[in-house]
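Everything on this sheet refers to the single structure shown next.
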Amino acid sequence: MATTWTGHTPAPAHLRLTAALALGRLAAWLSRAVLGRSGGVIGGRVLAAVAPDATSRLARHHRVVLVSGTNGKSTSTAMLAAALGVQRRPATNADGANTPAGLCWTVATASAPDVVLEVDEAWLPWAVRTFDPVAVVLLNLARDQLHRNPEVSRLAQRWRDALSAVPLVVANADDPWVVWAAGTAERQVWVAAGQEWDEDSLMCPACGDLLDRGAAWSCRCGTARPTPDWVLRPGAIVAPNGDAVRYATLPGNSNLANAAMALAAAVELGIPPVAAGRSLAGVRVVAGRYATTRVGNHEIRLVLAKNPASWRSALDMIGGDSAAVLLAFNAEGADGRDTSWLYDVDFSVLRGRSVVVCGSRATDLAVRLEMAGVEVAGQYADERTALHAIRPGTVDLLATYTAFQHARRALTRAA
Amino acid sequence: MRPERVGIVVVYPRLLGLYGDRGNGIAVQHRAEARGIPTSLVEVEPGDPIPEQGDLYLVGGGEDRSMTAAARLLDAQAGLRRAVEAGAGCLAVCAGLQLLAREYVGHDGSVRPGLGLLDVTCGRLPGPRAVGEVVARSEIDGSALLGFENHQGDAVLGPLARPLGVVAVGRGNGHDRLEGARQGRVIGTYLHGPVLVRNPALADWLLAQAVGHDLAPLADARVERLRRERLRAAPTLRARRLRRG
Ligand SMILES: [Zn+2]
């Protein structure tokens, strides 16, 4: 890696960076060996502490693409990385460490020229300033972790301010906040990726008036849905030239939208559409999501459901099925502490199905389900004990962020 | 005698529903129907008129911009005011409380007139945003009033309004350890949760006003378990004292 350094770097900073990387690697190794963790975050923290300007300089040697939004980040990032891999495999934060320490570590340890980063939406402005990306992919912007990001509009304003420094944005034309934020970038490619949740964007981002929301959206002030370059059809993504690229790997409309965003970005970065489409269709499991695990007599499909929009997507994915349903619900850390939003999700699609719940806030969920007319067959401390109560066969396991991580570890051990 | 259908009107749930406050309508309906009281529930869309013949009006919270849009819509029509002045019940949460107050502070910092249905003045809460679990003692029946707050507004009660609760854990109105306001059949509160899910006694109080007579008790084991869990999770000594009664 040191061979890529040029004479522009003053020696002391260079030495400090080399030392920081060595220290970071040591910390990451310790974290992996002793704690069994992935190590990137701790390595990144060391790097940031010893040589704070380091990653910014390191990023200059890479072509960096950022992917952000409330929902679909990990999946879209994995798809974009796969599509770019047609040409040459990029570095990416596949471990989902999407805040500064993890991002710095991914860039600092990248040996590939291209880096694709999933970025936490609140850290996107920081990431734009630090990594000077060639392109930013913007999926959607909706309520999530309300105790941390109480107002979607403020987040959008921060995005908008930061994106003026970006040459290209690939953005969702159906999300008014995303469109407004993307407007300051030099160039935009619009994807009609749909909007799972529109209740955070009833008002015009520009003037605050009520939007006219039909198939498209518009405002009296002239702000309106831009004409999309890419559109979706059932099971296919239609390119600007009219060619359709089929997509049918991961279930649900939200995953077709993720694929469209990744495909549009990959094509903008020089990958032929058909090859890009074929490559991203090979992504079947993203950080354990959509994975099917066999545990004892159960075939378990694991789906992340972390906020109103993603619960809607998740329920859409498992809808129309008769498999048993296990819902794991926590409200800690990345889940957010307020559970009120459960009432923004329509659970009535689960009526008539065999539903059991678990997790530290399972009672909140059980009350919500009862009020939606969904019978809760049982409530358990964790997914292992819950599974004992479920008949053999397929189980759809939907889990909030921390419950998902917990279930993934527990089921991997048990499988 | 069959009770009449209770008309529940949820005012602009898509604008004022940032923290799941539409769950208040779901909770009241649930408790009414469990007793065999028929209900109708109307969700008023922005731009549509607010019906005046409802028995119970529910106004939720929202971010500053939604609140401003809702204020404009409410100013342009008299449905809610007329219904409340004619004796309908009303629960207004967070931004809803501010909209029903005499005045509140808009997102640009300017003082704006509210509907004045509560003798309350709302300004900005000093210090950091109030975020977290709340435990208060209900001034209606002495029960524990539970919820989750997430706001930067305060509330100062005028002589016509009485507090809804006294805060044991949390910030509430930000003055005199009070939470919310009550004036006739109008209730204002900063509590989400949703508040009527976590506090069936409050839901029943509003429902009893709407049907015009006392209600038979109705135990809900799941909700009682939820209340015990939230009380147990409340962080301070004061809450423990309150729990003991
Ligand atoms: Zn406008």
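Just so we're on the same page: letters track the sequence lines, and every chain starts at 1. Because the structure is predicted, anything quoted here is derived from the model rather than measured. All values below were derived from every heavy atom in this structure, side-chain atoms included, with hydrogens, water molecules and symmetry-related copies excluded.
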Please classify the contact between B/E133 and chain A as side chain, backbone, both or neither, with a heavy-atom cut-off of under 4.5 Å.
side chain
Could you tell me whether B/R225 and A/D364 have a side-chain N and a carboxylate O separated by less than 4.0 Å?
no
Please name the pair of heavy atoms, one in B/A69 and one in A/M203, separated by the smallest distance, quoted to 0.1 Å.
CB-SD, 3.6 Å
Looking at chain B, which one of A/L210, A/T339, A/L342 has the largest number of heavy-atom pairs inside 4.5 Å, strictly under?
A/L210
Looking at B/R230, B/E229, B/R72, which has the largest count of heavy-atom pairs under 4.5 Å with chain A?
B/R230
Backbone N or O of B/R222 within a donor-acceptor pair of the A/E370 side chain at under 3.5 Å?
no
Under 4.5 Å to a heavy atom of chain A? For B/A34 that would be neither
Evaluate the side-chain proximity of B/R228 to A/T363: yes if any heavy-atom separation is below 4.5 Å, no if none is.
no
Min side-chain heavy-atom separation A/D344-B/L18 under 4.5 Å
no
Mind listing the closest non-hydrogen atom pair of A/L202 and B/R14 along with its distance?
CD1-O, 3.1 Å
By a 4.5 Å heavy-atom criterion (distance strictly below it), what part of A/V345 contacts chain B: side chain, backbone, both, or neither?
neither
Based on non-hydrogen pairs under 4.5 Å, which of B/T68, B/V195, B/D220 is most in contact with chain A?
B/D220
Proximal component of B/H30, with respect to chain A [non-hydrogen, under 4.5 Å]
side chain
More than 12 heavy atoms of other residues, nucleotides or ligands under 6.0 Å from CD of A/E332: yes or no?
yes
Of B/V197, B/L73, B/N24, B/D21, the largest count of non-hydrogen pairs under 4.5 angstrom with chain A goes to B/V197
Based on non-hydrogen pairs under 4.5 Å, which of B/G17, B/P13, B/G132, B/G147 is most in contact with chain A?
B/G17
A side-chain contact here means heavy atoms from C-beta on lying under 4.5 Å apart; do B/R65 and A/R154 qualify?
no
So do A/R337 and B/N150 actually touch side chain to side chain, heavy atoms under 4.5 Å?
no
For atom CZ of A/R384, is the number of surrounding heavy atoms from other residues, nucleotides or ligands below 6.0 Å larger than 12?
no
Are the side chain of A/S340 and the backbone of B/G193 linked by a donor-acceptor contact shorter than 3.5 Å?
yes
